[in-house]
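We name chains A, B, ... by the order of the sequence lines, and we start the count at 1 in each one. Fair warning: this is a prediction, and the values are worked out from it, not measured in the lab.
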Amino acid sequence: MARAEFPALFRGLVGRASAFWRAQWQLLLVLGCAVAGLLEWGLHVHFSRAAPAPEEWVALRPTVQQLLQRGTLIVVAPRWAEPNARLAFGDDWMPLRHVARADDSSFERALEISILGQHAAELEGWQLESELDTGRFLLRRWTNPQPARVLYDFMGQAQPPALSVSVEKGDAREECRFGKAKVSNGDLHGHPTFPSPRYTCSGPDWLFVGRTVIEDQNYQPRSCLWAHPPARGELVLRFDAVPIGATIRGYAGLPYFFERDEQGSPVDLAVWVAGEAVGHYRHVDGEGWKPFEFSTARFAGQLQEVEFRVMTARPWAREFCFQAEVR
Amino acid sequence: MSHSPDAAASPAPEPAALPEPAPPAPVRPAPRAWLARCIDPAIFVGLVAGYVAALLSTVRDLGYSRDEGFYFHAARGYGKWFRMLFSDPEQALTRSVLDSYWQENHEHPALMKSLFFASQHLFEKVLFDDRGTAYRFPTMLLAGLAVAVTFAWGRRAFGRAGGVVAALAFACMPRIFYHSHLSCFDLPIAALWLFVAYAYQRSLDTRRFSWALGCAVLYGLALDTKHNAWFLPASLVAHLSVRHVLALRRPWRGWYRLRIPLALVLMPLLGPLVLYAGWPWLWHDTWPRLVEWMRFHFQHVYYNIEFLGHTYFKPPFPRSYAWVMTLATVPAVTLLLAGVGGVAGARRYWAARHREDGPHSDGGPLLWLLCIFVSYGPWLFTSTPIFGGTKHWITAYPFLALFAGQGFVWLRSVLEQRGAALAGRHRAFGTRGRALLGVALAACLLIGPATMTWHSHPWGLSAYTPLVGGAPGAATLGLNRSFWGYTTGAIQETIDEHSGDGARVFVHDTAMDSFKMLQKDGRLRSDLRPWWTVSGSDLAIYHHEQHMSRVEHMIWVDYGTTAPVHVGAFDGVPVVWLYQRPSYQPRREP
């Protein structure tokens, strides 16, 4: 075909299509609606079977077992399917410290269980080790190219003798007692679970230190140390003989359900090493689960006392909670 | 004009703007007159009975929603007053007694709660074994009537087949099917809005006093059902105004001569009287209590609702919410049909308007359109709460369905036209062939909605259309998975299985009265103890909503496990799950 003929041919095609549409648009619309109806039906059938049912997750357990190594983080994509995975794999494979982790940086390996062609964005940058397609599930083993080396996990050590807790007002110091206490929690509008055991301070029941879980700005779980500041003075968490590394790194926040109203006073967290202030973190309502990192390079290699001092100007509903590690 | 057999039997005007008329159908013997007269009433009754039967057959695995628990409680209280009214009327009518009984749940009017009581009183252990079903029956009946009235209006507007398609399109909306089960007010107000609009249209068409009176009384009942009724007159007034403007002709003389229909005159007179008569809470301090009622709803607290992955709990709310949620929950083919019907109706009206002898009544489409706009209108404002999901604008859905019926009629007329042309060439293709084509078309258009609706049970609020990828797609997009804690009913057997005698069950979002009704009806064991808090419980139910994840976190820390013992999932998407305290050893007496 000569090049010059092409526009004419194109015009002819358009003209014929246009004439056909003018003559037949009503019939085409009828057919289009009927096809749309059948297509929607077909798509409904497809989507209703697209995602595996909980029983299929349970049946996946032997396959997952073969791919798991000790300490492997299980990541589910999309995230909404995670309850099915927790049902199937239980606490041994998906313990609270994994499910409510602060971030993924310290994990060496992850097993991504993916459905519906989804991928976990948090594993971007990890190296793919192996991939197994079972039809309904895609299981991918990932390795972290630069796993963070954690020298000391403050939350994991939050018990005697490593930790002592006190409320300090000027020179006055009142110790908080570690032991079993009554577990309590609210409902939707209540406080997170007050755990047992915990460091109980004298005063209101919220004045304690213990491990709990709060929700972040995406309503995702974050495991942390409850450290509600007292009405007056400071809540002091003192960890003895901490191996110091390059940094103290962590996250802090308040249950977002309350923080989002942005009506509370800022909460301050001061970090001291060997009696020296190394960093100060201020949490303002609405910021959500927020990271901090302070250099401790000048103490690196030493065993030192580390203090976390929590305070606020107005303690109403300051359900402060933080997590920290030495790296 | 189409000449299908059903249209021939119908007194309805045929769509004027539809394609060129098909050749007349071959003459066939007319059915007996009495049989012809019976067809439409039979369809009407069949639709009511069929829909109510479908609802009753599915009611037992649909848990009681949070609000139903409150209304059960209120209905019980009102019932006590009704009993006193018959036994000791003088005492019952004293102010202190009236106020003590009718104060409960006085943020909502009394009609439906009174009907819930009446149904329970009359039908429990007579028609229904379950008390909850007896409470729910009035809504089911209204839902059946709404389906049938949609048919009746559609039949008058565009013929019997279109009416049936409109009715089925309405019945086969998953959210409508869900709300039709509940002893709540959302489906009832949708039904009553439809009834009022239909009576209004009939009063215009027939100019009969009885229709105008019926319209006014029905409006009073709508007022006594739910506050959506406050907005209903706006659609009627807008209809009157638009009709008046459209009827004007140059040189615009007499533009100020607006003839107000009798129904619109009677509504403001009788409507409030019916409301007053049916709601004893208003019998004292009427004005302050009316103001309180209005203030409650105009200044309603904002609840949480997830939309596209974000939980909204205070204004500004997204303007796109109502439209996106409609697209995500109403079958797309129904919306497409409604669009076709809307355009076909507009073309028909426009064509008639330019004829001197054109119709002065459009039979309804303009009113349908305005009812849709008024129903959605509040969500044009970013301050209007969106926590109710789709239920707050379902008053628009019968009218969407009517447009869908009109769309079907237009499509079918095109098919008939082509069929007639085909019949010219092939003798075999006649009336029966065209009828078959119509049935096939209806089947193509309704099979999806019907399948989706049936499949959505008992997870009504978790159901989404393929447009967003169904339930899995909606979960990925971050659309609300459910609310009201009703899905306890979907895992009722599992709760029983995991519970020992007297187990304490944290009920989460299920209202205490809803949980107790499940026990009363034998759907949950009566020895189980509903528990307010996670602490102290043996089992914990968790109903997922994004902002409620904190309750699940409470369970993890308290129970010391992240692993549920059961996940109630819809199409693979977890909706409700059950935890059992690891230290709890269920014991059952043999």
Legend entry - Which atoms of B/D509 approach chain A - backbone, side chain, both or neither, heavy atom under 4.5 Å: neither

Inset, instruction - Take the SG atom of A/C224, take the SG atom of A/C321, and say whether they are under 2.5 Å apart. - result: yes

Legend entry - Heavy-atom pair count under 4.5 Å with chain A, highest-scoring of B/I447, B/T334, B/V333, B/T533: B/I447

Legend entry - Per-residue contact mode, B/V565 against chain A (heavy atom under 4.5 angstrom): backbone

Legend entry - Check ion pair A/R101-A/E122 (N to O, under 4.0 angstrom): yes

Legend entry - Which of A/G190, A/S196, A/P255, A/A88 touches chain B most, by non-hydrogen pairs under 4.5 Å: A/G190

Legend entry - Residue among A/R260, A/H191, A/Q220 with most heavy-atom pairs under 4.5 Å to chain B: A/R260

Legend entry - B/D538/B/R504 salt bridge by N-O under 4.0 Å criterion: yes

Inset, instruction - Without swapping roles, check the side chain of A/E56 against the backbone of A/A53 for a donor-acceptor pair under 3.5 Å. - result: yes

Inset, instruction - Select, from B/A440, B/P331, B/A450, the one with the greatest count of heavy-atom pairs under 4.5 Å involving chain A. - result: B/P331

Inset, instruction - May I ask you to decide whether A/D103 forms a salt bridge with A/R222, counting only side-chain N to carboxylate O separations under 4.0 Å? - result: no

Inset, instruction - Tell me, out of B/A332, B/G470, B/A569, who's got the most heavy-atom pairs with chain A below 4.5 Å. - result: B/A332

Legend entry - Toward chain B, the part of A/P52 with a non-hydrogen atom under 4.5 Å: backbone

Inset, instruction - With a 4.5 angstrom heavy-atom cut-off, could you sort out which part of B/H547 is near chain A: side chain, backbone, both or neither? - result: both

Inset, instruction - Side chain from CB out, backbone as N, CA, C, O: work out which of these in B/F313 comes under 4.5 Å of a heavy atom of chain A, or both, or neither. - result: side chain

Inset, instruction - Give the ring-plane orientation class for A/F208 versus A/W226, where under 30° counts as parallel, over 60° as perpendicular and anything between as tilted. - result: parallel

Legend entry - Nearest-0.5 Å distance that lies between atom CG in A/L111 and atom OG1 in A/T72: 7.0 Å

Inset, instruction - Dump the intermediate steps for side chain to side chain contact (heavy atoms under 4.5 Å, CB included) on A/F137 and A/W57, then the final yes or no. - result: CA-CA 9 Å; A/F137 300 91; A/W57 285 84; 3.5 Å; yes

Legend entry - chain A contacts, top residue of B/G473, B/G448, B/A475 (heavy-atom pairs, under 4.5 Å): B/A475

Inset, instruction - Mind ranking B/R550, B/H553, B/H566 by heavy-atom pairs under 4.5 Å with chain A and telling me who comes out on top? - result: B/R550

Inset, instruction - Look at B/T451, B/V551, B/L446 and state which one has the largest set of heavy-atom pairs under 4.5 Å with chain A. - result: B/T451

Legend entry - Residue, of A/D187, A/L31, A/V183, A/L96, that accumulates the most heavy atom pairs under 4.5 Å with chain B: A/D187

Inset, instruction - State whether the side chain of A/R211 and the backbone N or O of A/M155 hold a donor-acceptor pair below 3.5 Å, judged by distance alone. - result: yes

Inset, instruction - Tell me, out of A/F257, A/Y256, A/W80, who's got the most heavy-atom pairs with chain B below 4.5 Å. - result: A/W80

Legend entry - Part of B/Y579 within contact of chain A (heavy atom distance under 4.5 Å): side chain

Legend entry - Under 4.5 Å from any heavy atom of chain B - which part of A/P78: side chain

Legend entry - Whether A/R86 side chain and B/T562 backbone form a donor-acceptor pair below 3.5 Å: yes

Legend entry - Residue part contacting chain A, namely of B/F506, when any heavy atom lies under 4.5 Å: side chain

Inset, instruction - With a 4.5 angstrom heavy-atom cut-off, could you sort out which part of A/W93 is near chain B: side chain, backbone, both or neither? - result: neither

Inset, instruction - Please confirm whether the backbone N or O of B/E306 pairs with a side-chain atom of B/Q546, one donor and one acceptor, at under 3.5 Å? - result: no

Legend entry - Contact winner vs chain B - A/L43, A/N185, A/T193, A/V30, heavy-atom pairs under 4.5 Å: A/N185

Inset, instruction - Could you tell me whether the side chain of B/S549 and the main chain of A/Y219 form a donor-acceptor pair under 3.5 Å? - result: yes

Inset, instruction - Classify the ring geometry between B/H508 and B/Y542 as parallel (under 30°), tilted (30 to 60°) or perpendicular (over 60°). - result: parallel

Inset, instruction - Identify which part of A/A34 has an atom lying under 4.5 Å from any heavy atom of chain B, answering side chain, backbone, both or neither. - result: both

